[in-house]
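In what follows, every heavy atom counts, from backbone to side chain, and hydrogens, waters and symmetry copies are set aside. All chains are named by letter (A, B, ...) in the order of the sequence lines, taking the proteins before the strands, and each is independently numbered beginning at 1.
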Amino acid sequence: MSSEHAASGHDHPRSNGQEAETHGHEHAHGHSHGHGDDHIHPAPSNFLFKYVFSTDHKIIGIQFLISGLIFFVIGGLLAMAVRWQLAWPWAPVPILSQALWSSPAHGYRMPPEFYNKLFTMHASVMIFFVIIPLLTGAFGNFLIPLMIGARDMAFPKLNMFSYWAMPFGMVAIIYSFLVEGGSPEAGWTSYPILSIARYATPGSLNGQTWWLVALLCVGISSLMGSINYITTIIMMRAPGMKMFRMPMTVWGLFITAILQAFALPVLTSALVMQLLDRTAGTNFFSPVGWTVANAPAVVGGGQTLLWQHLFWFYSHPAVYIMILPAMGFVSDVIATFSRKPVFGYKPMVFAIAGIAGLGFIVWGHHMFQSGMNPALGATFMLSTMMIALPSAVKVFNWLGTMWGGRLVMTSAMLNAIAFVAMFVIGGLSGIFMAATPVDMHIHDTYFIVGHIHYVLFGGATFGIFAAIYYWYPKMFGRLMSERWGKVHFFFSFIFFNGTFFLMHIVGMHGMPRRYAEFAMFPYLNNPSMHLMNVIMTYSAFGLGLAQIPFAINFFVSMFAGEKAGPNPWKANSLEWATDSPPPYYNFGTIPTVYHPAYEFSVPGMAEDYLPQTQPRPADAGPLDPVMA
Amino acid sequence: MRYWSVLFGLAALVCVGVFAYSPFHPDWWLPNLASDPNHTVSTFGREIDSLYVIILVITGVAFIGTQIALVWVTWKYLDRTDAQGRPVRPATYFHGSQRLEVIWTIVPASVLVFIALYQMGTWASIKFRSAAPKVRPLAQVTARQFQWVMTYPGPDGKLNTPDDLHMVNDLHFVKDKTALIYLKSSDVLHSFFLPQMRIKQDAVPGLSIPVWFDSDRAGTFDLACAELCGWGHYKMRGNVTVHENQAEFDDWMQKALEAQNVSQVASSGGSQGEVNPR
């Protein structure tokens, strides 16, 4: 039952032990799978159970993908309105002004509290309804069983529930726009007391409560998902699929799931505490006898900073939740299109694990200027500096992977290379903020807004694009148009940099984030600041328009794309060993795995790839035990 | 299709260009006094700026290095095919290099540890309470939606006595003398941000936090709120006036006290708004 046992090509590895016990007769067979008797339920024929309330991980993944992309549009439009206001403060906003502010009292001007709603909802939607569901929900679900050679997740029904917890959150977050006072205005960080005092700002009247409900739903969804991913990866790997033979994507998703499983309970309890503060009169976050806006004083006795600790204890690891899976995707895409093994596979795995481990002890760097003990800030500074190290190692390893390769510039590869290039900027700008004295100046300015977008758009979103171009043929059986993929990439890349790079400059000049207008301040009111903000806004619109070819490509290719065949990219990992799209239970025969997923261009072979299901040639020699 | 490496190269070049342009254009650089844009006025500001430049150089080298490597690999190792559509050159088969991994772990690690330790002293001197100057507090600053209420000790030199001077959005101190304030909030979170002096400290309900800073130039500066505090966050601006010498400051103080005593009614309403005693 040891993993060495599995390596020898025998087929009762630990990963299948449980299954083998439940189906005791399989023991006797010697070849446990592939006899067609490993208990496959027939695929549901009813539309409702096939495509809606499906327990099939592939359908659930695609459900997450589609709903994530829809919310990507909503979050993007919110960002456009933010940028409009910053470039041309108080100028009538197309459509919105006519629809909402045509009364004489408004005079077509966006009210400042509406601006606060816009950036709050932009960030909340993008983080909790787009990036996390796309990375873990869509690709986690779709890829994990396929890449480890399992027929489905360990808990298919729990998996279905993990998706169907989302719509409640989606309804709640959209509904918050409609309640009295409108959607929340306390930022995606929702710091008390602004978020708990009902009269502190209009969005805290009711909208904040719906925001909390929405996040609770999303959190429960993620928790169910992460338990499922961890169990599936530990228990259900195909024969021979040792941990150190798993593709980097699976490693990224596995470690992300661990992060979620340990960090989310803290956020969930913090959300419940804030919900109780708002609705049940508890005082977790309000000081003694506190009042805001002349409302009746509360009893108090709580601590405002407590929320920040609890929130960031989740939300800093959440930043890694939003980048580690993308790092995994990008490693696979780069290796495949460099036709070369990943440079330093094991160091890459340890780097991801290092980022995750350190990720739990750096949350205080969001609180350097918060009034937290500055001595504690010094320790968080040290841990934050050190987390740049595994990130740097990963970048060098990606460059090493391409070095000496045979680079095929597909749309997926271009997005993956852009990930590397842009993640470097996001990583390096992080060092400025890790340095506590420098952070003092740039904290809560546009510098941090630039930084987070280089990580979450330049990093995670280009990673998602790469993953979509790369695994689309596996999902839908057809290839996306490469020409339109490149058009999409070209304009996205240009306008992405146009939108976000200058944020470092305006941030360095001290422009605070979350300001509806900056011209009130003499030091900011100069032509260069206005010019840069206008450039950023035009670029943001360009970035939005650049997604139109992507959307068309995505939906048209489903019906009109070139047929992909099982392995269009000539890649090695297990998902390419089955049909595109894969059959209901993924594999006719559970494959046996002989080596890691990156045996490209093995010398002396006719083909430049070697699927994990085929043994390495005898004359290739043993694999490097430290690197591969 | 080597256009793509050109695209990546150009993007990196523009990024470097923007940062190369910025130090020579005050509106693109760290904010300073308009009349003296190349000089940072405060002691902490100068330390922070030099740290900023050190990190900018280190990260700049790292950025240029990785981008050159990236452009080079995408240019050099691009797949090319011959007339029969067969690759001209196979990819090299190797799994990594232990020596390289060790080098590119140890080198960045030592640079990062250097940055971490190098700045520790600056941080301690700016924020540690033990480093707070042993001077008479200049004022107590209480943030509220959406204004800064400054309470200066009156002639008796003590805060929270009847002779205190209450001002709204008006911070005064003396050139070359360290100003020590106590920062409070009377409603939600705010953040006391002096961009030209590179000072930032959140005002936390229930806490009184000492903040100290100085300026070696007289003049007027900005005080901004840097923590989201509601719909009027963007206009929560304070005026900072640095006086040439103590006499000028005392003179201002005297006049302000007289104005406050003459017309309590005017100071409790009108442009200064209501003063919350908390």
Side-chain angles (χ1 to χ4, degrees), chain A residues 112-113 187 191 193-194 200-201 287 292 304 339-341 343-344 347 369-371 374 382 385 388-389 392-393 396 399 402-409 421 424 428 431-432 435-438 440-441 443-444 497 505 509-510 512 514-517 520-521 523 526 528 601 603 624 626-628, chain B residues 1 4 8 11 15 22 27-28 30-31 48 51-52 55 59 62-63 66 69-70 73 77-79 87 90-93 95-96 98 101 104-105 108-109 112 115-116 119-120 122-123 126-128 187-189 195 198 200-202 204-207 209 222 224 226 228 230-231 233-235 237:
Chain A
E113 67 270 22
Y191 281 2
I193 291 172
L194 188 65
T201 201
V292 173
T304 310
R339 315 307 298 163
K340 206 174 139 285
F343 190 101
Q369 321 305 337
S370 70
L382 197 61
M385 283 289 174
L389 183 61
V393 168
F396 298 140
L399 291 173
M402 287 189 268
W403 200 279
R406 197 156 64 70
L407 272 61
V408 188
M409 291 295 183
V424 168
L428 291 174
I431 295 176
F432 290 83
T436 42
V438 176
M440 199 149 123
H441 179 61
H443 183 84
D444 267 326
N497 281 293
I505 302 292
H509 194 66
R514 297 170 169 174
Y515 268 26
E517 186 195 6
M520 314 274 291
F521 289 81
Y523 79 102
N526 61 58
S528 303
S601 304
D624 183 335
V626 184
M627 288 294 137
Chain B
M1 290 285 278
W4 295 113
F8 290 119
C15 293
S22 60
D27 294 344
W28 288 57
L30 296 152
I48 288 171
L51 196 57
Y52 182 89
I55 297 176
T59 54
F63 177 70
T66 46
L70 186 84
V73 292
Y77 297 109
L78 190 76
D79 185 29
T92 338
Y93 174 80
H95 291 88
Q98 212 169 330
E101 297 284 353
W104 67 41
T105 305
L112 290 165
I115 299 176
Q119 58 170 350
M120 206 78 97
T122 308
W123 174 246
I126 299 175
K127 289 259 170 156
F128 279 27
D187 43 36
V188 300
L189 288 171
R198 320 276 189 263
K200 194 173 283 136
Q201 174 61 54
D202 286 8
V204 183
L207 296 184
I209 302 170
D222 298 272
L228 179 64
W231 65 267
H233 174 50
Y234 70 102
K235 57 180 184 180
R237 171 171 184 271

With rounding to the nearest 0.5 Å, note down the distance linking [atom1] in [X] to [atom2] in [Y].
{"X": "A:I431", "Y": "B:T59", "atom1": "CD1", "atom2": "OG1", "value": "6.5 Å"}
{"X": "B:I115", "Y": "A:L382", "atom1": "CD1", "atom2": "CG", "value": "12.0 Å"}
{"X": "B:Y234", "Y": "A:M520", "atom1": "OH", "atom2": "CE", "value": "6.0 Å"}
{"X": "B:W231", "Y": "A:T201", "atom1": "CH2", "atom2": "OG1", "value": "9.0 Å"}
{"X": "B:W104", "Y": "A:L399", "atom1": "CH2", "atom2": "CG", "value": "7.5 Å"}
{"X": "A:R514", "Y": "B:L228", "atom1": "CZ", "atom2": "CG", "value": "5.5 Å"}

Under a 4.5 Å heavy-atom cut-off, does chain A meet the side chain of [X], its backbone, both or neither?
{"X": "B:L207", "answer": "side chain"}
{"X": "B:S22", "answer": "side chain"}
{"X": "B:I55", "answer": "both"}
{"X": "B:I126", "answer": "side chain"}
{"X": "B:P90", "answer": "backbone"}

Under 4.5 Å between any side-chain heavy atoms of [X] and [Y], yes or no?
{"X": "A:F396", "Y": "B:E101", "answer": "no"}
{"X": "B:T105", "Y": "A:L389", "answer": "yes"}
{"X": "A:P287", "Y": "B:P205", "answer": "yes"}
{"X": "A:Q369", "Y": "B:K127", "answer": "yes"}
{"X": "B:R198", "Y": "A:M440", "answer": "no"}

Name the option with the most non-hydrogen atom pairs under 4.5 Å to chain B; the candidates are [options].
{"options": "A:L194, A:I193, A:V292", "answer": "A:L194"}
{"options": "A:M385, A:H509, A:R339", "answer": "A:H509"}
{"options": "A:G510, A:A628, A:G405", "answer": "A:G405"}
{"options": "A:G371, A:A388, A:P512, A:S370", "answer": "A:S370"}

Please flag which part of [X] lies under 4.5 Å from any non-hydrogen atom of chain B: side chain, backbone, both or neither.
{"X": "A:T436", "answer": "both"}
{"X": "A:V626", "answer": "side chain"}
{"X": "A:V424", "answer": "side chain"}

Q. Judged by atom type as modelled, is there a donor-acceptor pair below 3.5 Å linking the side chain of A:W403 to the main-chain atoms of B:A69?
A. no

Q: Give a yes or no answer on whether the side chain of B:T122 reaches the backbone of A:P437 with a donor-acceptor pair at less than 3.5 Å.
A: no

Winner by heavy-atom pair count (cut-off under 4.5 Å) against chain A, out of [options]:
{"options": "B:L189, B:D222, B:L51", "answer": "B:D222"}
{"options": "B:P108, B:A224, B:A62", "answer": "B:A224"}
{"options": "B:A109, B:P31, B:A226", "answer": "B:P31"}

Q) Which pair of heavy atoms, one from A:N497 and one from B:C15, lies closest together, and at what distance? A) OD1-SG, 4.4 Å

(Q) If I compare all heavy atoms of A:P341 with all of B:H95, which pair ends up nearest, and what's the gap? (A) CB-CD2, 3.6 Å

Q: Anything under 30° is parallel, anything over 60° is perpendicular, the rest tilted; go ahead and classify A:Y515 against B:H233.
A: perpendicular

